[in-house]
Amino acid sequence: MDINRLTRLSEFAWRIEPVNGMRVPVIIYADEALISEMDEKVAEQAANVTKLPGIIGACYAMPDAHWGYGFPIGGVAAFDALQGGVVSAGGVGFDISCGVRTLYTGLKREQIEPLKTVLADALYATVPVGVGSRGKIRLSPTEMDEMLTGGAEWAVKQGYGRPEDLERIEERGRMAGARPEAVSSHAKERQRAEMGTLGSGNHYLEIQEVSEIYDPAIAAAFGLAQGDVVVTIHCGSRGLGHQIGTDFLKRMQGAAAQYGIALPDRELACAPIESPVGQEYLGAMRAAINCALANRQIITHLTRKVFAEILPEARLDLLYDVSHNTCKVEEHLVQGRKKLVYVHRKGATRAFGPGHPDLPMVFRETGQPVLIGGSMGTASYILAGTADSETLSFASACHGAGRAMSRHQAVRTWSGREVVDQLAARGIIVRSPSWRGVAEEAPGAYKDVHDVVIAADRAGLARLVAQVKPIVCIKG
DNA sequence: ATGTCC
């Protein structure tokens, strides 16, 4: 990105002034190196978003932003329904409610080390992974609707997990306002056999070690110490969310024309929040959020079953579960006054700070855990929400390492086998059904997530708490 | 991300 076009606000914040039909500015959080590497299309796409009706404040780009379908990935935009604000399927993304959950094992690295191959094989045999992977669960139409309304709460009632898990899940495990009847039968059919499956791409299940502590006080409050072993699950709403995205992108193209919304890019298809299509999308998207929460809950249950057989002393209590692809109605300060706005976070993690009333008591003083998944074989990070993020970014932070290289280029550069061998030489065990998938996800194909979280911390979006490094990686 | 193109 050409930094000469930007106004520098601070060492970690940049601004594009509103010109040529932009209703509000664009604010990008990054250091000079990250913003120089950032694709020009991030600025272009974020500027396009600011031209949509009812946008509030600014369109924000996180330090890991890269170009996406319509909206940049790593983009945040909030809209006011009372000012003709819109909701956009491209502003949420195809993998609705993709997110990360981390579990404590209560074990140290030394206890895992002799059993890591056994654990890797058992997890790989138990958790279905890969494109089109199917689980053992088959949902009837009635059960599907109950799952889409109940989320992780439904999953726990079915025996997949513990009631105490729910408090440590965004929305306490159940997104209100879901409308299963707004989800196409095609989307439901695609999901029928996909509950409890990991999917592909950058999704993973990892056994990780806490390798660095940056904020001892918050780490202690989160129950994390150097050498602790945790399990992290990164996945989303599988075929259902993808189909909802596809269905509504098409319907929103019609709606935008019908309501006379001038689209700077046809990929920014959207509908007024208060229109029938807008309301149906919100209902369907919330159903997909519940699908993702239930999915991560079932994978948690499968993970616990594996540990119960191999390392029964492992606790596998939940630290937290948070999404990075959603549109949520939230109260935010707008020009000094509290207001309900529709916050799109696409590749941006919700990051509520200390005292936020939606957080469980256990995180009221620290702010919520902000879970940032790294690329395969590299580190992931645990941050904490800050009080500042409210005014900086509608309480949002980054979500992970963006790609530095296309999938095609990665496959030409590495073979899956050599990537697995190189990671094995570093003590990291990878299990995947796809050599090609592993090559596409090679660590070298991604930007360094460390630079991203440092920038997020310095910009004030979230506070860096701990680094975790993989021991075992189950990869789609 | 995705029954990696209806």
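Letters A, B, ... are given to chains in the order of the sequence lines, protein chains preceding strands, and every chain is numbered from 1.
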First encountered from the 5' end of DNA chain B, between A:H234 and A:V131:
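Its nucleotide being nearer the 5' end, the pick is A:H234.
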
Whole Å only: how far is the [atom1] atom of [X] from the [atom2] atom of [N]?
| X | N | atom1 | atom2 | result |
| --- | --- | --- | --- | --- |
| A:R134 | B:dT2 | CZ | P | 15 Å |
| A:H242 | B:dC6 | NE2 | P | 9 Å |
| A:E441 | B:dT2 | CD | P | 11 Å |
| A:Q191 | B:dT2 | CD | C1' | 12 Å |
| A:L249 | B:dC6 | CG | P | 14 Å |
| A:E440 | B:dT4 | CD | P | 13 Å |
| A:E194 | B:dT2 | CD | C1' | 9 Å |
| A:Q243 | B:dT2 | CD | P | 13 Å |

State whether A:W154 and A:R174 meet the cation-pi test: NZ (Lys) or CZ (Arg) under 6.0 Å from the six-membered ring centroid, and within 45° of the perpendicular axis.
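Judged by the rule, A:R174 and A:W154 form no cation-pi pair.
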
Would you mind checking if A:R162 and A:D317 are paired as a salt bridge, meaning a charged N to carboxylate O distance below 4.0 Å?
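Between A:R162 and A:D317 there is a salt bridge, with a charged N closer than 4.0 Å to a carboxylate O.
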
Would you say a side-chain N or O of A:R238 is under 4.0 Å from OP1 or OP2 of B:dT2?
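So the side chain of A:R238 is within the cut-off, an N or O lying under 4.0 Å from OP1 or OP2 of B:dT2.
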
Would you mind classifying the nucleic acid contact of [X] as base, sugar-phosphate or nothing, using non-hydrogen atoms under 4.0 angstrom?
| X | result |
| --- | --- |
| A:H186 | base |
| A:G201 | sugar-phosphate |
| A:S200 | base |
| A:G245 | nothing |

Pairs flagged by salt bridge (Lys or Arg N to Asp or Glu O under 4.0 Å) wherever residues 432-444 of chain A is involved - sequence neighbours left out:
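Residue pairs passing salt bridge (Lys or Arg N to Asp or Glu O under 4.0 Å), neighbours aside: A:R403-A:E441, A:R407-A:E440, A:R407-A:E441, A:R436-A:E440, A:E441-A:K475.
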
With salt bridge (Lys or Arg N to Asp or Glu O under 4.0 Å) as the rule and sequence neighbours excluded, what pairs involving residues 293-303 of chain A come up?
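The answer is A:R296-A:D321.
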
Within residues 291-299 of chain A, residues whose heavy atoms come under 4.0 Å of DNA chain B:
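Hits under 4.0 Å, by residue number: none.
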
Do any side-chain atoms of residues 451-463 of chain A form donor-acceptor pairs under 3.5 angstrom with protein atoms, and if so which ones, sequence neighbours left out?
from	atom 1	to	atom 2	distance (Å)
A:D457	OD2	A:L464	N	2.7

List for me each residue that meets salt bridge (charged side-chain N to carboxylate O under 4.0 Å, His left out) alongside A:E267, sequence neighbours excluded, and say none if there are none.
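Not a single residue meets the salt bridge (charged side-chain N to carboxylate O under 4.0 Å, His left out) criterion with A:E267.
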
Could you pull out all residues at least two apart from A:E280 that satisfy salt bridge (charged side-chain N to carboxylate O under 4.0 Å, His left out)?
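Once residues adjacent in sequence are excluded, the partners of A:E280 under the salt bridge (charged side-chain N to carboxylate O under 4.0 Å, His left out) criterion are A:R251.
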
